[in-house]
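What follows is a short report on a single structure.
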Number of protein chains: 2
Amino acid sequence: MTARKKSAAATQGQAGHADLVREAGKKYASSVDVARMAGVSQSAVSRTFSGGAKVSEVTRQKVLDAAKRLDYRPSLIPRIMLTHKSNLVAIVVGGLYNPFYTTVLDEFTVRFQAAGQQVLIVHAESDHALDDVIPKLASYRVDAIVSALAVLSPQAADALARLRIPVISFNTAIQNDWVTSVSCDNVEAGRTIADLFVARGARSFGFITGPAGSRANIDRRKGFEGRLAELGARPPAVEPGDYRYEGGFAAALRMFSGRQRPEALFCANDLLAIGAIDALRQSLGLRVPEDVLIAGFDDIPAASWASIGLTTFLHDAAGMVDKAVAVVTAATAGGAPVAAPMIVSAPLIERATTRRR
Amino acid sequence: MTARKKSAAATQGQAGHADLVREAGKKYASSVDVARMAGVSQSAVSRTFSGGAKVSEVTRQKVLDAAKRLDYRPSLIPRIMLTHKSNLVAIVVGGLYNPFYTTVLDEFTVRFQAAGQQVLIVHAESDHALDDVIPKLASYRVDAIVSALAVLSPQAADALARLRIPVISFNTAIQNDWVTSVSCDNVEAGRTIADLFVARGARSFGFITGPAGSRANIDRRKGFEGRLAELGARPPAVEPGDYRYEGGFAAALRMFSGRQRPEALFCANDLLAIGAIDALRQSLGLRVPEDVLIAGFDDIPAASWASIGLTTFLHDAAGMVDKAVAVVTAATAGGAPVAAPMIVSAPLIERATTRRR
DNA sequence: TTGTATGCGTTATCAA
DNA sequence: TTGATAACGCATACAA
């Protein structure tokens, strides 16, 4: 007999207790139901399931028995009301087209689950769309919010800060009493790649950008241009991109179709770089790295594919998530707020696209 | 004056109502707090925020005023207790290395958010690990669970069904009162690619598999082998893979290093196919499609990159999520359970890897 | 229209 | 060890 059929039977008065319990549109048995069936008090049931408390073996067995028959699972919802803690953390993402965010999300889920938190994923096309979502998050009383948005305006950050919940913001310059910024060392990466390009003999340079508002993009460019200037090199040609393959492809076509052909190209992320490589090789008949050196940022899986072999920087999702977990657990434990922005390093990973024999 | 400083001041007795409210470790003001400040009853506050009810304009203003000063946001938690509905849906994923799952997750989040549900993401390495997670989901009283696990054992499905919650399982053969299966037409895709390979003149064939327990993998292979047999072609050589780039690379090396060299290779998904292409081109010096025709499944973004141009099948994440949303909303509305497995089509997308001039 | 009282399913406190 | 009782924050039936 299936569950549904049994439910139907229940309305005809033939069912056992297990079914009567669910008459009123209830899906779950409550501790009261279990108590009634076991012939004990509701508190006894609660104690049986809340670990540390003392219950006699007899009572325990009676309760466990009834619970099993009723498929009882304690609800965490009332606990939230009592403790003002939901054990829910939200992560805000703005589209997962970039494999780096996938990695972040994966690490995030695993680490926070291990820390006993459940993860709410929230999609916000832009930081503007955040306004619609924030009230809902507040309504669910999430313990913390992590923003993985590439672009986060001060206004949106303010709105988040008003919630009086710990907020961790990835690759953003914002920092205040409630918002902690966790970034990787974007500036340093820009400097490092400038050094590498020059060491490899490049004399002219190009940079394909990410979205204008992206802090990571700005910092990578700043480091790159700054170091080039220090080295006395010519400033790079710059073409706007958008962190996507197609953007890199199009930007590279624009940059290399004139008579100015940079000998080395730094892209704000790996997807852009891969798009650029394809544009150069497939559409323009240029060779990488023989004609043009190329580097990206993120070390997405495709960067290490044999056909690509992209020189890039490790975007340490695990490290950044670790920081986020630390901030949240500290805040949850009532500790002091984290005052300073946190920065994880982004080591260079050199592969074929910058190697000339 | 920052929020934190104000709180500190509050303990010194200098603060306004807004801060006193939060003394007891409370993060949020409650409707009672608002009522007190506004000089009205708690029900008045509730009515003001629950839309449909009648409240006089004067009261409304007083309430809204106090609410603003207290930063009041109604909690949804008590509502869950009253209605037995959390508006929470969970999606179970087993690692996001496969870009297809990324797409699924993205579509999922957007669609369910639009439907007024919040999305809980749960990571389960294997279907075995599900056992640890299921109780937690039950504790949060999720309205439905969607499993995007490539492999879902009948045991795990049983455990899910015991929750008496609607469960939607992607690409799985399981179907019962509580579990609805949503798949794409994997068998048909296998048949289609067999036809295409033969039409393109291939005489010998290969297949690189996904994980053994994956229903999608089994069905794609079945369709492929079945149709080849019908066409009187030789059965394909088969090498085990795992849905990953590295697996495809290694499997292709094994398959093509002997003297048996299939003229056409079908891979259980795109990542495998891309790995195989790289192995053939970079390591074995074979040409694709001139020497070997290759096709995959999923149509991940990389499949359409200029350097790859992979013939594949559209794995319609949006379509599958649509079905899931439909099932959940139907079940939530108390409708009849969905009895039959749902299947979405997977149209062929032909690109360079199967085109010979 | 407004306020009072009750219940939702837990945990924690207290008395027995 | 056990059971009765009071919260938690909201919605709702009912009384005023």
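All heavy atoms count here, side chains included; hydrogens, waters and symmetry mates do not.
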| message | I want to check one thing: is the phosphate of dT10(C), taken as OP1 and OP2, less than 4.0 Å away from some side-chain N or O of Ser31(A)? | response | yes
| said: So, OP1 or OP2 of dC8(C): does either fall under 4.0 Å of a side-chain N or O from Tyr28(A)? | reply: no
| Within the structure, does a side-chain N or O atom of Ser56(B) lie under 4.0 Å from either OP1 or OP2 of dT2(C)? | yes
| About how many Å separate CD1 of Ile77(A) and CZ of Arg79(B), when rounded to the nearest 0.5 Å? | 13.5 Å
| query | For Gln175(A) and Ser181(A), what are the C-alpha separation, side-chain angles and deciding distance, and is it a side chain to side chain donor-acceptor pair (under 3.5 Å)? | reply | CA-CA 6 Å; Gln175(A) 174 83 23; Ser181(A) 153; 4.7 Å; no
| Does the base of dG9(C) carry an N or O that pairs as donor and acceptor with the side chain of Arg141(B) under 3.5 Å? | no
| query | How far apart are the C-alpha atoms of Ser56(B) and Thr59(B), what are their side-chain angles, what is the distance that settles it, and do they pass the side chain to side chain donor-acceptor pair (under 3.5 Å) test? | reply | CA-CA 5 Å; Ser56(B) 75; Thr59(B) 318; 2.6 Å; yes
| Earlier contact from the 5' end, DNA chain C, for Leu82(B) and Arg79(A) | Leu82(B)
| request: Establish, for the pair Arg141(A) and Tyr28(B), whether the NZ or CZ atom is under 6.0 angstrom from the six-membered ring centre and no further than 45 degrees off its axis. | output: yes
| said: Nearest 0.5 Å, please: how far is CD1 in Ile168(A) from OG in Ser147(A)? | reply: 10.0 Å
| Between CG on residue Leu64(B) and CZ on residue Arg69(B), distance to nearest 0.5 Å | 13.5 Å
| At under 4.0 Å between heavy atoms, what does Ser75(A) touch on the DNA or RNA strands: base, sugar-phosphate, or nothing? | sugar-phosphate
| task | Check the distance between dT11(C)'s P and His84(A)'s NE2 and give it to me in whole angstrom. | result | 15 Å
| query | So how far is it from Ser153(A) OG to Ile174(A) CD1, rounded to the nearest 0.5 Å? | reply | 6.5 Å
| Heavy-atom contact window of chain A on DNA chain D, given 5' to 3' at under 4.0 Å | dT1(D) to dC10(D)
| request: Round to a whole Å and report the spacing from CG of Asp33(A) to C1' of dG7(C). | output: 14 Å
| task | Select from Ile77(B) and Ser43(A) the residue whose nearest nucleotide in DNA chain D is closer to the 5' end of that strand. | result | Ser43(A)
| request: Under 4.0 Å between any heavy atoms, over every strand shown, what does Val55(A) touch: base, sugar-phosphate, or nothing? Just pick one. | output: sugar-phosphate
| field | First encountered from the 5' end of DNA chain D, between Val32(B) and Ala44(A) | value | Ala44(A)
| remark: Between Arg47(A) and Met81(A), whichever has its closest DNA chain C nucleotide further toward 5' is Met81(A)
